[in-house]
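What follows is a set of notes on a single structure, which appears directly below.
Just so it is clear: chains get the letters A, B, ... in the order the sequence lines come, proteins before strands, and each one is counted from 1.
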Protein chains: 2
Amino acid sequence: MEKRVEESHLQRDANWQHFRTIPPGTQVAARNRLSEHVFVVCGGWAFRFFQLPNGRRQILNFLLPGDLFSATSVFEEKFLFSVNALTEIQISGMRRSEFQARLAANPKILTALASACVVETQAADEMLAALGQRSAEERIAYLLLHLMQRIAARSVIREQGYYFPLRQQNIADAVGITSVHVSRIISLFRDRGIAELSDGFLRVLNLPELERLGSLN
Amino acid sequence: MEKRVEESHLQRDANWQHFRTIPPGTQVAARNRLSEHVFVVCGGWAFRFFQLPNGRRQILNFLLPGDLFSATSVFEEKFLFSVNALTEIQISGMRRSEFQARLAANPKILTALASACVVETQAADEMLAALGQRSAEERIAYLLLHLMQRIAARSVIREQGYYFPLRQQNIADAVGITSVHVSRIISLFRDRGIAELSDGFLRVLNLPELERLGSLN
DNA sequence: CGATCGGTTGATATGAATCAACGTGCGTGG
DNA sequence: CCACGCACGTTGATTCATATCAACCGATCG
């Protein structure tokens with residue numbers, strides 16, 4: 001698949017080193033563990049989540065190439081969340097002290113960080129609204145639209161479709177419903193000619209309808 | 001009620017002007033409206049929310065004395081949310097440009113802002129987990145505990161109770177359930193001797209049990 | 001070849017929404 | 001000063017969305 005990855009300022013300007021390639025399914029950060037490093041995802045998909053004591057997990061967001069694990073980890077020395085590789089990923093880290101030094105020296109990085117922080121918060125707020133106020137169907141539609149935008153910002157879209165490596169269980173963990181119910185709703189979308197999702201690939205057949213369902217406005 | 005308000009660094013160091021007192025129920029910020037100012041709440045309670053087209057609203061968080069409307073509004077010139085006064089409030093604003101100038105000049109303010117950002121994000125993540133993975137009962141317990149901590153950080157607690165100006169509808173809008181269901185669950189808490197909530201006052205009778213229900217760990 | 005994983009589908013159970021009625025306190029205007 | 005309306009909370013009956021439990025299928029892999 002042809003892919004034009006557009007690097008963020010954070011990725012371009014901050015001069016990262018210590019590249020690592022990590023197989024899918026690996027947990028690359030654990031809540032409450034100390035880390036002297038700030039990490040970016042350079043390739044592949046990961047997700048940030050909370051593990052609850054009852055065995056459930058809430059996926060807080062998905063990390064795409066160019067994303068910091070979280071803007072907050074620039075200031076916080078403990079991880080406040082866990083991170084897991086969804087696909088094979090490349091990540092690279094920089095000592096927090098070094099990052100902060102660069103931050104002070106290069107206003108472009110500060111701007112990029114502030115912008116990342118705004119985007120993160122905005123996304124969290126919208127997800128909060130989706131989880132609190134919308135039906136399962138609407139939440140899934142919202143998630144699809146949200147991820148489509150993020151994918152589109154990073155790569156060329158091929159054959160009217162999107163590379164989309166989420167399992168139904170991941171969708172379930174992100175929008176707070178059961179994977180069984182996710183299956184039913186995805187089937188519904190397929191039957192109604194709204195979208196098809198299979199085998200790591202998302203094809204949207206009726207965008208206006210998907211937006212009608214998923215848009216928060 | 002005796003109250004020792006502890007000002008945050010943001011409030012103390014940034015030298016705010018343009019104080020305004022605002023009656024309860026007033027909307028003090030509207031999503032998508034431009035604002036040249038950054039605002040802090042100096043007294044009273046407010047809440048930040050999204051208004052959905054179907055008439056529902058999601059309360060994103062509650063604003064207590066010392067809180068910025070949001071750390072993101074330091075960088076973003078449009079409000080990404082709306083804000084409403086829960087009680088009578090005092091707010092004060094500063095031109096964004098001026099705030100940014102002070103930010104550059106005084107590292108203490110930068111630290112305070114970064115810390116506010118971390119706290120905000122962490123709170124949003126936890127709320128996400130609560131909304132996605134927990135029952136109505138657990139969500140309400142979580143909200144009570146969360147607010148108790150924030151109140152306790154700001155003022156002396158009186159008679160084993162907390163000043164707590166939320167209406168049941170506000171709780172409903174925050175945790176994503178119906179106000180009648182909130183009523184049932186609050187009654188349940190009362191019947192089970194866990195907590196009493198009435199008339200702007202919260203009294204916790206069985207903290208361990210409330211924590212068992214509401215804690216995310 | 002069996003085991004495991006991801007997805008599908010059906011039957012049933014349950015938590016929460018909805019609809020509705022009612023109570024109580026409070027402010028306002030007659 | 002009373003009467004009315006209104007906001008807020010409570011409670012019951014019913015409905016509905018989603019969870020749970022269970023069986024099954026196809027693909028993949030050791």
Side-chain angles (χ1 to χ4, degrees), chain A residues 23-25 45 47 52 54-59 84-87 130-144 164-192 195-203 213, chain B residues 23-26 52 54-59 84-88 130-144 164-192 195-203 213:
Chain A
W45 289 48
F47 60 88
L52 302 198
N54 56 7
R56 292 178 161 182
R57 64 171 45 162
Q58 174 67 34
I59 292 182
N84 211 310
L86 193 59
T87 65
L131 292 192
Q133 308 299 331
R134 320 289 306 273
S135 71
E137 195 176 83
E138 294 167 323
R139 293 184 211 180
I140 292 180
Y142 170 75
L143 179 66
L144 297 186
F164 197 86
L166 310 207
R167 316 269 90 214
Q168 294 191 351
Q169 182 64 56
N170 300 132
I171 299 178
D173 291 342
V175 305
I177 67 183
T178 296
S179 73
V180 176
H181 203 52
V182 171
S183 169
R184 291 191 218 275
I185 286 172
I186 297 293
S187 302
L188 211 81
F189 283 179
R190 196 176 1 252
D191 295 349
R192 288 200 264 154
E196 285 175 8
L197 180 51
S198 69
D199 213 27
F201 206 74
L202 168 66
R203 187 181 312 268
L213 284 173
Chain B
T26 313
L52 302 198
N54 56 7
R56 293 178 161 181
R57 61 171 48 161
Q58 174 68 35
I59 293 183
N84 212 309
L86 194 60
T87 65
E88 175 176 293
L131 293 192
Q133 308 298 331
R134 319 290 304 274
S135 71
E137 196 175 83
E138 294 167 323
R139 293 184 210 181
I140 292 180
Y142 169 74
L143 179 65
L144 297 186
F164 197 87
L166 309 207
R167 316 269 92 214
Q168 294 191 350
Q169 182 63 58
N170 301 131
I171 299 178
D173 291 342
V175 305
I177 66 182
T178 295
S179 73
V180 326
H181 202 52
V182 171
S183 169
R184 291 190 219 276
I185 287 171
I186 297 292
S187 302
L188 212 81
F189 283 180
R190 195 175 6 250
D191 295 348
R192 288 200 262 156
E196 285 174 7
L197 181 50
S198 69
D199 213 27
F201 206 74
L202 168 66
R203 188 181 313 269
L213 284 173

### Query
Is the backbone N or O of A:N170 less than 3.5 Å from a side-chain atom of A:D173, with the two atoms forming a donor-acceptor pair by type?
no
### Query
Any side-chain heavy atom of B:R203 within less than 4.5 Å of one from B:F164?
no
### Query
Is it true that a side-chain atom of A:Q133 and a backbone atom of A:A130 form a donor plus acceptor pair closer than 3.5 Å?
no
### Query
Think B:Q169 has a side-chain N or O under 4.0 angstrom from the OP1 or OP2 of D:dG9?
no
### Summary
Between its two end axes (five pairs each) the helix from C:dC1-D:dG30 to C:dG30-D:dC1 turns, nearest 10 degrees, through 30°
### Task
Pick base, sugar-phosphate or nothing for B:R134, based on heavy-atom distances below 4.0 Å to the nucleic acid.
nothing
### Task
Can you figure out which of D:dT10, D:dT20, C:dT18 approaches the side chain of B:R184 most closely?
C:dT18
### Message
Counting the atoms with a prime plus P, OP1 and OP2 as sugar-phosphate, which does B:V182 contact under 4.0 Å by heavy atoms, base, sugar-phosphate, or nothing?
### Response
nothing
### Task
Verify side chain to side chain contact (heavy atoms under 4.5 Å, CB included) between A:L52 and A:Q58, making sure each step is shown before the conclusion.
CA-CA 8 Å; A:L52 302 198; A:Q58 174 67 34; 5.7 Å; no
### Message
Would you say A:S187 places a side-chain N or O within less than 4.0 Å of OP1 or OP2 belonging to C:dT9?
### Response
yes
### Query
Using a cut-off of 4.0 Å on non-hydrogen atoms, how would the nucleic acid contact of A:R139 be classed: base, sugar-phosphate, or nothing?
nothing
### Query
Is any side-chain nitrogen or oxygen of A:S179 closer than 4.0 Å to OP1 or OP2 of C:dG6?
no
### SB check A:R184 A:E137 (cutoff 4.0 Å)
no
### Among D:dT20, C:dT18, D:dA19, the one nearest A:I177 by side-chain distance
D:dA19
### Message
Would you say A:Q168 places a side-chain N or O within less than 4.0 Å of OP1 or OP2 belonging to C:dT8?
### Response
yes
### Message
Quick check on D:dG9: is either OP1 or OP2 less than 4.0 Å from any side-chain nitrogen or oxygen of B:R167?
### Response
yes
#### Entry: Nearest-nucleotide pick for A:T178, side chain only, options being C:dA20, C:dA16, D:dT20
D:dT20
### Summary
Out of C:dG7, C:dA17, C:dA11, minimum distance to the side chain of A:S183 belongs to C:dG7
### Message
So A:S198, base contact, sugar-phosphate only, or nothing? Heavy-atom distance under 4.0 Å.
### Response
nothing
### Query
Is a side-chain N or O of B:R139 found less than 3.5 angstrom from the main chain of B:V175, in a donor-acceptor match?
yes
